[in-house]
Number of protein chains: 2
Amino acid sequence: MSRIKSDAKAFTIHDVAAEAGVSKSTVSLALQGSPLIRPETAERVREAAARIGYVYNRRAGELRRKSSNVIGVVINDLMNPFFAEVLVGIERKLVDAGYIVLMAHTAESLQRQNQVLMSMREQNAASIILCPVLGTPKSLVTDVQGWGIPLLVLVRSLGAGPYDFAGSDNESGNFIATRHLIESNHRRIGFLGGQSGVVLHQRLKGYKLALAKAKIPFDELLVIPSVPTRQGGYMAMQQLLALAPRVTAAVCYNDIEALGALSALGERGLIAGKDFSLMGFDNVLEAEHANPPLSTMDVRPGDLGEQAARLLLARIEDPSLPPQIFLSAPRLILRQSA
Amino acid sequence: MSRIKSDAKAFTIHDVAAEAGVSKSTVSLALQGSPLIRPETAERVREAAARIGYVYNRRAGELRRKSSNVIGVVINDLMNPFFAEVLVGIERKLVDAGYIVLMAHTAESLQRQNQVLMSMREQNAASIILCPVLGTPKSLVTDVQGWGIPLLVLVRSLGAGPYDFAGSDNESGNFIATRHLIESNHRRIGFLGGQSGVVLHQRLKGYKLALAKAKIPFDELLVIPSVPTRQGGYMAMQQLLALAPRVTAAVCYNDIEALGALSALGERGLIAGKDFSLMGFDNVLEAEHANPPLSTMDVRPGDLGEQAARLLLARIEDPSLPPQIFLSAPRLILRQSA
DNA sequence: CTGAAAGCGCTTACAG
DNA sequence: CTGAAAGCGCTTACAG
């Protein structure tokens with residue numbers, strides 16, 4: 001009553017063959033649904049397999065066939081719900097297509113990233129979806145490609161070289177977000193959060209562009225960097241609020257920073273959308289029920305994940321495809337915060 | 001310039017053997033760091049391997065050795081940050097121990113759960129951590145155990161049978177949460193959210209117990225079920241607010257429901273902690289920077305994940321261990337909402 | 001200390 | 001339509 005049962009003897013096609021009174025080859029073919037096997041025989045094999053509780057050893061089959069149905073997905077920050085939503089989209093699509101995902105979390109550690117990538121290589125991953133940590137050398141792309149493993153880069157692009165990529169149009173997205181604030185008659189508009197990396201660069205660019213278009217001079221002091229977390233957004237907002245003359249609105253690096261900013265606002269009894277206008281970026285699930293509901297740029301994270309998976313599947317299907325790019329066009333979602 | 005490079009010829013120990021001028025066996029042993037191999041020879045082998053860019057084919061090795069270093073982790077709801085945090089804890093611990101995780105998301109679908117479990121079995125997973133979907137038959141535990149795969153059940157217990165389990169003490173947790181509200185002089189206290197399952201049952205039990213202890217009659221009308229999402233919490237709170245006489249406080253099924261409830265409160269211009277007292281459960285990361293910051297029961301999700309992984313590793317190490325249980329004792333975290 | 005041989009559980013030409 | 005044989009890339013007794 002206290003031990004946990006274990007060690008069921010594993011049956012092989014050899015056992016099934018004996019049970020069905022045919023050869024190993026016939027079992028293999030029958031189980032694959034090969035037209036070479038007569039229907040009656042196939043049926044007999046299937047019954048025998050079920051009777052003894054045979055389970056296919058996929059890894060053995062893949063070793064022989066030199067194939068693999070596992071796909072590595074490496075994510076830099078699962079604590080950000082944006083990535084969790086993307087991951088779910090990827091996983092759904094991949095499992096539907098008959099794959100299974102080897103998942104790793106790097107927590108922005110380059111060393112951890114190298115470690116898990118190597119591990120996935122040893123595991124013979126059929127391909128890899130990588131959302132690279134900050135500071136990933138561009139050479140990583142050619143390295144992985146050199147391994148013969150199709151690679152899709154997610155969210156954070158990694159320079160020029162040809163590779164498949166899925167992400168969002170950060171520049172135009174933040175251009176739209178900032179323009180919305182300008183059209184609501186804000187002039188002193190902050191840029192809140194973010195620390196480094198291409199995504200920040202692009203979002204900042206969209207912000208500056210919108211400012212320039214409206215002939216509002218760019219003010220370095222209004223961009224407050226921070227770690228891309230709620231805590232970071234919270235602190236950045238406090239800094240922004242301390243500025244004089246008063247800043248009346250801000251676009252945020254992403255939604256979770258905006259959520260942190262909302263919290264800082266609330267702490268001072270300020271209501272977003274009334275006393276201060278705030279735009280997020282991503283449209284994570286929690287944006288809709290933030291207090292107050294967060295206006296943001298919708299990149300449809302789940303769909304982004306599915307699209308990434310779709311591109312990867314196409315690549316596996318046809319390795320000679322030219323480099324594929326999916327760029328989600330962020331859509332303005334107006335709720336209450338701006 | 002437009003094709004993505006692929007198909008590097010894969011080297012095997014055979015190639016390394018040729019390069020180093022030794023036999024396959026020697027290569028295998030040398031790479032494993034066997035003391036049987038003379039240091040000079042081992043060094044020569046390692047150099048040869050590095051020179052030709054050899055990479056270990058772990059799956060081949062595991063086939064031969066009948067081992068596996070992949071561990072399946074199946075999660076029912078990754079859209080709930082609680083599970084994302086737990087997953088990160090599990091993954092961190094497992095990777096540190098030299099394993100790699102095969103991750104699957106079931107989205108509360110029993111069919112998907114069966115599918116991925118089967119897939120993990122075929123993949124030869126060394127063991128499985130399962131957070132079962134609602135409505136999982138208790139027989140699943142013995143099924144999986146019968147496969148010879150060590151199983152750890154996560155968060156939602158699955159009846160009596162001996163198995164390893166990691167979760168939290170929901171009853172005592174919600175007892176404490178409710179008691180806190182009572183001690184703050186609330187009498188009409190709602191229970192907000194949750195739909196079915198053991199976890200709800202236990203949390204409800206803690207709620208009723210605290211009420212009983214304070215001689216407050218249990219009122220069926222004050223428990224408002226809902227889907228366990230922010231949207232669910234939002235709607236449940238609206239219902240609760242419509243009740244007369246007025247309800248002044250509520251414990252929530254979990255944090256994300258509480259967050260949704262916060263949003264409903266905000267919509268009516270009500271401030272949690274002043275106009276209404278609200279307790280969450282889990283202490284997900286976003287609770288701290290909710291608006292206002294959410295008082296909740298801390299189960300330390302990340303640590304829970306690590307503990308689950310720890311138990312599993314112990315089980316793999318010694319299959320004869322008696323059933324192990326880790327129950328996180330939730331701690332009261334007072335912030336602003338209550 | 002090192003090599004030749006068998007075998008993990010499959011698949012796939014090749015005969016028949 | 002079905003079987004015997006070779007082989008995927010490793011590991012591990014067993015000799016020497």
Side-chain angles (χ1 to χ4, degrees), chain A residues 7-46 48-49 52-70 119 121-126 147-148, chain B residues 7-46 48-49 52-70 119 121-126 147-148:
Chain A
D7 303 319
K9 176 194 174 324
F11 292 101
T12 72
I13 50 170
H14 183 259
D15 301 303
V16 179
E19 177 77 13
V22 296
S23 76
K24 272 172 40 184
S25 329
T26 302
V27 172
S28 178
L29 260 11
L31 261 25
Q32 289 176 70
S34 164
L36 291 180
I37 305 298
R38 206 176 354 146
E40 301 87 89
T41 313
E43 182 54 22
R44 204 144 46 84
V45 169
R46 258 178 271 116
I52 67 176
Y54 166 76
V55 10
Y56 180 61
N57 185 328
R58 169 154 270 124
R59 311 182 79 169
E62 291 182 344
L63 172 60
R64 177 56 230 258
R65 197 197 273 130
K66 285 167 164 293
S67 68
S68 166
N69 84 142
V70 343
S119 186
R121 189 185 182 193
E122 288 188 353
Q123 288 293 346
N124 230 306
W147 300 348
Chain B
D7 304 317
K9 178 196 173 322
F11 293 101
T12 72
I13 49 170
H14 183 260
D15 302 303
V16 179
E19 177 77 15
V22 296
S23 76
K24 272 171 40 183
S25 327
T26 302
V27 173
S28 178
L29 260 12
L31 262 23
Q32 288 176 72
S34 163
L36 291 180
I37 305 298
R38 208 177 353 148
E40 302 87 271
T41 313
E43 182 53 22
R44 203 144 46 83
V45 169
R46 259 179 270 115
I52 67 177
Y54 166 75
V55 11
Y56 181 60
N57 184 330
R58 168 154 270 124
R59 311 183 78 168
E62 291 183 344
L63 173 60
R64 177 55 230 258
R65 197 197 273 130
K66 285 168 164 292
S67 68
S68 167
N69 85 141
V70 342
S119 186
R121 189 184 183 193
E122 288 188 354
Q123 288 293 346
N124 231 307
W147 301 348

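Proteins get letters first, then strands, A, B, ... in listed order; numbering begins at 1 in each. Because only heavy atoms are used, hydrogens play no part in the values below, and waters and symmetry mates are left out as well, while side chains stay in.
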Take atom [atom1] of [X] and atom [atom2] of [N], then tell me their distance rounded to the nearest Å.
X	N	atom1	atom2	answer
A:His14	C:dT11	NE2	C1'	16 Å
A:Lys66	C:dA13	NZ	P	14 Å
B:Glu62	D:dC10	CD	P	12 Å
B:Arg65	D:dC8	CZ	C1'	17 Å
A:Lys24	C:dG9	NZ	C1'	8 Å
B:Ile37	D:dT11	CD1	P	12 Å
B:Leu29	D:dC14	CG	C1'	13 Å
A:Glu122	D:dC10	CD	C1'	13 Å

Please determine, for the side chain of [X], which listed nucleotide ([options]) has the closest atom?
X	options	result
A:Thr26	D:dG3, D:dT12, C:dC10	D:dG3
B:Asn57	C:dT12, C:dT2, D:dG9	D:dG9
B:Ser25	D:dC10, D:dT12, D:dT2	D:dT12
B:Gln32	C:dT11, D:dA4, D:dT11	D:dT11
B:Leu63	D:dA4, D:dG9, D:dT11	D:dG9

- Nucleotide forming a Watson-Crick or wobble pair with D:dA15, both distances under 3.5 Å: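 Its partner is C:dT2 (Watson-Crick or G-U wobble, both distances under 3.5 Å).
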- Message: Between B:Arg46 and B:Glu43, does the salt bridge (charged side-chain N to carboxylate O under 4.0 Å, His left out) criterion hold? Intermediate values first, please.
- Response: CA-CA 5 Å; B:Arg46 259 179 270 115; B:Glu43 182 53 22; 2.6 Å; yes
- Query: To the nearest 0.5 Å, how far apart are CG in B:Asn57 and CD in A:Gln123?
  - Reply: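 So the CG of B:Asn57 and the CD of A:Gln123 are separated by 9.0 Å.
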- 5' precedence on DNA chain C between B:Thr41 and A:Gly61 (nearest-nucleotide basis):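 The residue closer to the strand's 5' end, by nearest nucleotide, is B:Thr41.
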- Message: Under 4.0 Å, counting only non-hydrogen atoms across every strand here, what does A:Val55 touch: a base, just sugar-phosphate, or nothing?
- Response: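 Since only primed, P, OP1 and OP2 atoms lie under 4.0 Å of A:Val55, the category is sugar-phosphate.
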- Side-chain heavy-atom pair B:Val55, A:Trp147 within 4.5 angstrom cut-off: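 The answer is no; the side chains never approach within 4.5 Å.
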